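Read through the structure below, which is laid out as structure tokens, and then see the notes.
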Amino acid sequence: MATERPHAIILGAGIAGLTAAFWLDKAGWRSTILEDGPIKQGGQMLIISGPGYETLERMGVKGLKHLPFMLGENVVKSSSGKVLSTVGYKQTHCGVRSRIVCRGDLALALAESLPASATIRYNVNLEATQDDGPKFTAELEGGEVLTADLFIGADGQRSVVRKTYWEDEESVCLEHLGYSYATYDVTLSGVLEKPCESYHSPGRLDSYFECKDDRIAALHIWRNDVVKPFSGPTLLYDILKVVTGTKIPTVTKILRAAEEQGSVPIISPMELVTLKNWSRGRVVLLGDAAHCLTPFSGQGAGMAMASAEVLAAELKAVTGEGADGVVKALDRWEKRIRPPIERLQMKSRLVATNFLPKGKPAHMIRSLVAKMLPSDAVSTLLSAGVSDEIDRAEIDELAEEDPQRLFVQEGRDGSGKRGLDEKVV
Ligand SMILES: Cc1cc2nc3c(=O)[nH]c(=O)nc-3n(C[C@H](O)[C@H](O)[C@H](O)COP(=O)(O)OP(=O)(O)OC[C@H]3O[C@@H](n4cnc5c(N)ncnc54)[C@H](O)[C@@H]3O)c2cc1C
């Protein structure tokens, strides 16, 4: 008689949760993903590079569409519209294997790639959970009870799983970096001169990325020492109008269109999540819930994916060892993933200190330097930053100590050479 597969309940059909379900299948598990909404198309623009890129390649995910941003230049302007610098993605990411995707499009493609052992349940609310019986139990709204051998909290930066099971650390685990950010989508044509356009103002950056079908992904980052979650669509636009002012015509035009289209912005303080451990009993946190890196790192989604693959590989290695094996696997997984996460979090802190200078004089000096530097020098500086981040993301043990613990090795070319992947963006 075939033994039943162990079962994982995953809270959150985001990048971490969906990738975990994919790899858990390879480890001989089945999974149920609970998502409290639908998965929406579009969303913020992500560059997937480093270990996350390798994981994505190994998954063979289909349907990730090309974004125009990849091909064009990134122009940075002052608030008066003067061009400060123009650098292409191909220069900053020269020699780096990467894909550019929108978060929602990646999540949809991951959901479509799931094997039969994974079930996604949308618009589901979790009422209660318990981790003290022979199995982990989760009670859904309406009274249905699910049992599992592992509960994965992949529910993002504001994780309810973390709030429930790491209650003692919740008040101290969010490390504010002194900024806030907002992202939203807008459909508008003919407004951007280049596929990526940014405006630098004192203490603020407004960036726009051209996606598919006239869709623009907007990102505002601003200095903000006040830590306060934001909510309510009308209020959100009121906040954004205050933050952005009304002086830059492109910014005003895009904001007005987004509001008219009813696009709901995500506005959040820029906060790292730092916890002493990422698992307790049969409960484990994955992705931003465990270790949000903030948008100052280009590795948050990538590391969520790589980490999910390693977690499944460690679970596979303890097949047949029951609950003790699961705990052993969680311990081993964390030992492998924590070093790169801590290096990347350190990098986010470093980026935060200089990202937007405080005050007008410092801003003017920064703008002047940006304008005077030759574009080669700007590209060299930016691409050095990208390479440094990818080096920090490297999960050393995967390559050096125990390569067999990855499922497939095809993604790595073995030579250490990284070539820009132009066919799949
Ligand atoms: C502006 C910006 C730019 C970024 N750029 C990059 C980049 O270039 N490269 C990169 O690698 N990363 C980047 N990141 C980081 C990346 O987006 C995150 O690290 C990644 O999305 C984290 O994935 P996740 O699955 O952990 O969380 P999320 O993507 O937040 O997914 C969490 C999921 O859980 C669901 N959920 C939440 N609560 C519940 C609940 N109670 N019940 C059920 N479901 C729930 C949510 O609806 C969501 O589907 C960027 C982030 C931002 C904000």
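Numbering of ligands and ligand atoms starts at 1, following listing order. Heavy atoms only: backbone and side chains are in, while hydrogens, waters and symmetry mates are out. For clarity, every value in this text was computed on a predicted model and none was experimentally measured.
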For atom 16 (C) of ligand 1, closest protein heavy-atom neighbour: Ala301 N, 3.7 Å
Minimum heavy-atom distance Leu285-Arg162, with the two atoms named: CD1-CG, 3.7 Å
Atom 34 (O) of ligand 1 has as its nearest protein heavy atom Gly12 CA, 3.2 Å
Is it the side chain, the backbone, both or neither of Ser49 that has a heavy atom closer than 4.0 Å to ligand 1? neither
Region of Glu35 engaging ligand 1 - heavy atom pairs below 4.0 Å: both
Those residues that, when tested against Trp333, pass ring pair (Phe, Tyr, Trp, His ring centres under 6.0 Å) (two or more places apart): Trp278
Taking 4.0 Å as the limit for heavy-atom contacts, which would you say applies to Asp36 with ligand 1: side chain only, backbone only, both, or neither? both
Which residue supplies the protein heavy atom nearest to atom 19 (O) of ligand 1, what is that atom called, and how far is it? Asp288 OD1, 2.8 Å
What protein heavy atom lies closest to atom 51 (C) of ligand 1? Include the residue and the distance to one decimal. Gln44 NE2, 3.3 Å
Of Gly14, Ser159, Ala393, Gly156, which has the heavy atom at the shortest distance from atom 27 (O) of ligand 1? Gly156
Sub-4.0 Å atoms of ligand 1 with respect to non-hydrogen atoms of Ile47: 7 (C), 8 (O), 9 (N), 10 (C), 11 (O)
Looking only at distances, can you tell me whether any N or O atom of Ala16, backbone or side chain, sits closer than 3.5 Å to an N or O atom of ligand 1? yes
Going by the closest heavy atom to atom 13 (C) of ligand 1, which one wins out of Ile266, Leu46, Asp155? Leu46
State the atoms of ligand 1, each with its element, that fall below the 4.0 Å cut-off from a heavy-atom position in Tyr181. 53 (C)
Residues in salt bridge (charged side-chain N to carboxylate O under 4.0 Å, His left out) with Lys40, at least two apart? none
Please report whether ligand 1 has a polar contact with Arg103, defined as an N or O pair separated by less than 3.5 Å (distance criterion only). yes
Checking a contact table here: which protein heavy atom is nearest atom 23 (O) of ligand 1, and how many Å away? Ile15 CB, 3.9 Å
Just wondering, do Trp23 and Leu311 contact through their side chains at under 4.5 Å, heavy atoms? no
What atoms in ligand 1 come closer than 4.0 Å to a heavy atom of Pro295? 1 (C), 2 (C), 3 (C), 52 (C), 53 (C)
Applying a heavy-atom cut-off of 4.0 Å, say which part of Leu126 lies close to ligand 1: side chain, backbone, both or neither. neither
Answer yes or no: is there an ion pair linking Glu389 with Lys347, defined by an N-O contact shorter than 4.0 Å? no
Is the count of non-hydrogen atoms from other residues, nucleotides or ligands lying under 6.0 Å from Gln41 atom CD greater than 12? no
Identify whether NZ of Lys or CZ of Arg in Lys241 sits under 6.0 Å from the centre of the six-membered ring of Tyr237 and within 45° of that ring's axis. no
Side chain to side chain, Ile395 and Met303, heavy atoms closer than 4.5 Å: yes
Does a salt bridge link Asp149 with Lys135, judged by any charged N lying under 4.0 Å from a carboxylate O? yes
